[in-house]
Participant: 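Below you'll find the structure I mean.
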Amino acid sequence: MSQTTINHLLEGLNDVQRAAVQDTEGPVLIHAGAGSGKTRVLTHRVAYLIQHRKVNPAEILAVTFTNKAAKEMRERILALASGAASRIWIGTFHSISARILRVEAERLGYERNFLIFDRDDQLRFIKQVLRELYISEKEYPPNSILSAISGAKSAFVGPKEYRNIAREPFEQTVAQVYVLYQKLLKESNGMDFDDLLVNPIYLFQEHPQVLEHYQTRFNYLLVDEYQDTNRTQYLFLQKLAARHKNLCVVGDDDQSIYRWRGADIQNILNIEKDYPGCKVYRLEQNYRSTKHILSVAHSVVRNNKQRLPKKLWTANAKGEKAKVLAFEDQIAESLHVVTSIKEELHDNGRNFCDFVILYRTNAQSRVLEDALRAARIPYIIVGGVRFYERKEIKDVLAYLRLICNPKDSISLKRVINFPLRGIGDTSVEKLEQFAQESGIPLLEAAGRADEVESISDRIEAQIKQFHNLIRKYACLRVELSAGELARTLVDEIGILRKFKATATEESYGRGENVGELLSAIDNFSKRHNSNDLEHFLEEVSLITDIDSWDDRSNAVTLMTLHSAKGLEFPVVYMTGLEEGLFPLSRSLNTNEELEEERRLFYVGATRAEERLYMTWAARRLRYGEYFENLPSRFLEEVDDRFVERIDFRRTYRERPYTEHPRGSTNGRRQRQEETMPAYEDFSQDAQSFYVGCEVRHPSFGLGKIVRMDGRGETAKLSVKFYDVGVKRLLVKYAKLETVG
DNA sequence: AGTTGCCAAGTTTTT
DNA sequence: CTTGGCAACT
């Protein structure tokens, strides 16, 4: 490759970036602050490896956080390097593992056409296990058990180890379920998301020659968003890098926001210990945001104790001060966001796609949507109910999955009576029992329904018909493309006609969704020039909303703060900045959780290039009830040098402090007085409680309010007592007094 | 077997 | 305000 090309690769990089690109051998850790051009470093590094170090592209493995990021990286590398770059493996941990496991599945006792089960399927399995064990779902909620199992897998704790460390009754129950859950998954020839990460490690442990193959195969490893890897992912990388140690990880401890999902911040904090001789680079120049925006982000995140000291800087302009806007309620908030967008469009000549509206929880999107729709502003919403998780979509997919994988009993149970065939729960149970006794998959049992005495002839005929239907399509699969097959199937089971016949707006939408699914499959068939239904199903199970988010369409984007990671927008609205919502009240129990919320704020703020708006509402409708809110503590952590604060609330008459009969006089109380809007009946409260307030209860002792629903004497409080834990109390009845 | 309607519960965040 | 689960209908 010519010298000019190499220079071209290094041109326009700053000194640190250039050094990080050229330092290709051995372990490298790149601390990359928000907007510091880390994607640039990664892509240039890959291109540099190929062009300058003459590395075979097929030896490079690049791991990203989302499929979308993978796609982008591939495009950018292709632009820099030759077409050979298409042979690089780029993907998420999940998609890469799936790709490896497709080849190696049989070594682990799975079939190659194993399926990937999503959360919904996982819950069905858990429920089935609970039923078998006669464990009550009330006592042990399937959701909690699932999170426990998922947590264990993220920490690479298998069923046996889990059983050994399980102490409390809940954990022991989980241990029991865990074993059977895994057994059931395997019998269905399926893996859940976590298995995709765990199984390659088992594979490497049990088959050293396989590990060796992949170690040689992937000579250069690059990992993006390293701060959000978990223990299992760490082990995966460790195994692969053990020989050559050519591991380059890029991350930012301030942007670690997936601790709740098992991400282990130690992975980044300890990498220098784990990889002796590891080179460390710090990208601290930000190219994205104005000085003011960076200062806002920094003022908040600097309050975290668990963090590597650092400060981003930028040569960009100071820009406008960020805005902190207060509103009466969530309606006023969303209306103002719309007004502000219109102003920006008009005054600054922006496009719809320049805006993003961020929020902490998906439930907050509805009001914003309403306001945008009323103003006829086009918007795209990322997240919420995912397309591939909609009922009608999952039903059609369940057919396709069953056709691909006759062992998939979960899918079978989903569709055996959809559309209605008169095969009820009791018949399915009988069939299941028969399958279990004979040790055959459920579908095969369906084919032999005549052997089950207790099933009536009429139902038996229905079951057999269903069985034949699946068999027919299993055969057709060879002749038809995935698209044709799905279309024929949907036609035969007549669900589109059914949706049409129901003629409600809802069923109409469902029909449309199924139509959309069919064209997605068609598209896939064309794009891949293959009739491989399995590949489609795999892609579908690993796809996320952010992956399909189309940033070219000209619309305002709405998404959660979590989804926003890695993206940037000229104008950012961070909404719902209220104590209890952001930071979320559930995160106030431990400092670790609070710090994660703070990092989330940091991620949100650093998405902004030019303008940052932060809004909060004094009252917000939640669970169909209005809640009183205080502004988020994060807003108070920001210095007024960087923000302008505007209160859009109608000014109520000032309420003299003394009107509160028993108002205490500590500092906290006062602060609340300043920020709390005065309401008609507020002065009648015997006492004022607020989240974070310390209280005394005659029998529970001292505690702290962690949540407050409603106000006045009908308010419901969650109080975390230092001795007895969290209790739910009604102000009216509990004899609580404030401490101060 | 399937439909309707009531009640309870719940929301973090997602690969 | 929504969703899911369950019970009591048709």
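Source: prediction; values computed, not measured. Below, read A as the first sequence line, B as the second, and so on, with proteins coming before strands; counting in each chain starts at 1.
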Participant: Applying salt bridge (charged side-chain N to carboxylate O under 4.0 Å, His left out), name anything that partners A:Asp228, two or more places apart in sequence or on another chain.
Facilitator: A:Lys565
Participant: Can you sort out the partners of A:Tyr573 under side chain to side chain donor-acceptor pair (under 3.5 Å), two or more places apart, ordered by chain and number?
Facilitator: A:Ser340
Participant: Run the side chain to side chain donor-acceptor pair (under 3.5 Å) test against A:Ser587 and tell me which residues pass, sequence neighbours left out.
Facilitator: A:Glu597
Participant: Output all residues satisfying salt bridge (charged side-chain N to carboxylate O under 4.0 Å, His left out) with A:Asp194, sequence neighbours left out; order by chain, then residue number.
Facilitator: none
Participant: Roughly how many Å apart are C:dG5 and B:dT12, using the C1' atom of each and rounding to a whole number?
Facilitator: 23 Å
Participant: For DNA chain B, which nucleotides open and close the run of contacts to chain A, 5' to 3', at under 4.0 angstrom from a non-hydrogen atom?
Facilitator: B:dA1 to B:dT15
Participant: Let's test your reading of the pairing rules: Watson-Crick or G-U wobble, both distances under 3.5 Å, then write DNA chain B as a dot-bracket string with ( ), [ ], | and dots.
Facilitator: ||||||||||.....
Participant: Where does the chain A footprint on DNA chain C start and end, counting 5' to 3' with a 4.0 Å heavy-atom cut-off?
Facilitator: C:dC1 to C:dG5
Participant: Tell me every residue that passes salt bridge (charged side-chain N to carboxylate O under 4.0 Å, His left out) with A:Asp195, counting only those two or more places apart in sequence or in another chain.
Facilitator: A:Lys153
Participant: Restricting to salt bridge (charged side-chain N to carboxylate O under 4.0 Å, His left out), what partner residues turn up for A:Arg497, sequence neighbours left out?
Facilitator: A:Asp491
Participant: Strictly below 4.0 Å, N to O, side chains only: are A:Glu538 and A:Arg102 in salt-bridge contact?
Facilitator: yes
Participant: In whole Å, what separates the C1' atom of B:dT11 from that of C:dC6?
Facilitator: 22 Å
Participant: What salt bridge (Lys or Arg N to Asp or Glu O under 4.0 Å) pairs are there with at least one residue in residues 420-432 of chain A, not counting sequence neighbours?
Facilitator: A:Lys413-A:Glu432
Participant: Under 4.0 Å, heavy atoms only, any strand: does A:Asp425 hit a base, just the sugar-phosphate, or nothing?
Facilitator: nothing
Participant: Please list, chain by chain and in numerical order, all residues satisfying side chain to side chain contact (heavy atoms under 4.5 Å, CB included) with A:Arg366, sequence neighbours excluded.
Facilitator: A:Asp370
Participant: Report the residues that fulfil side chain to side chain contact (heavy atoms under 4.5 Å, CB included) with A:Ser144, sequence neighbours left out, ordered by chain and then residue number.
Facilitator: A:Pro141, A:Phe170
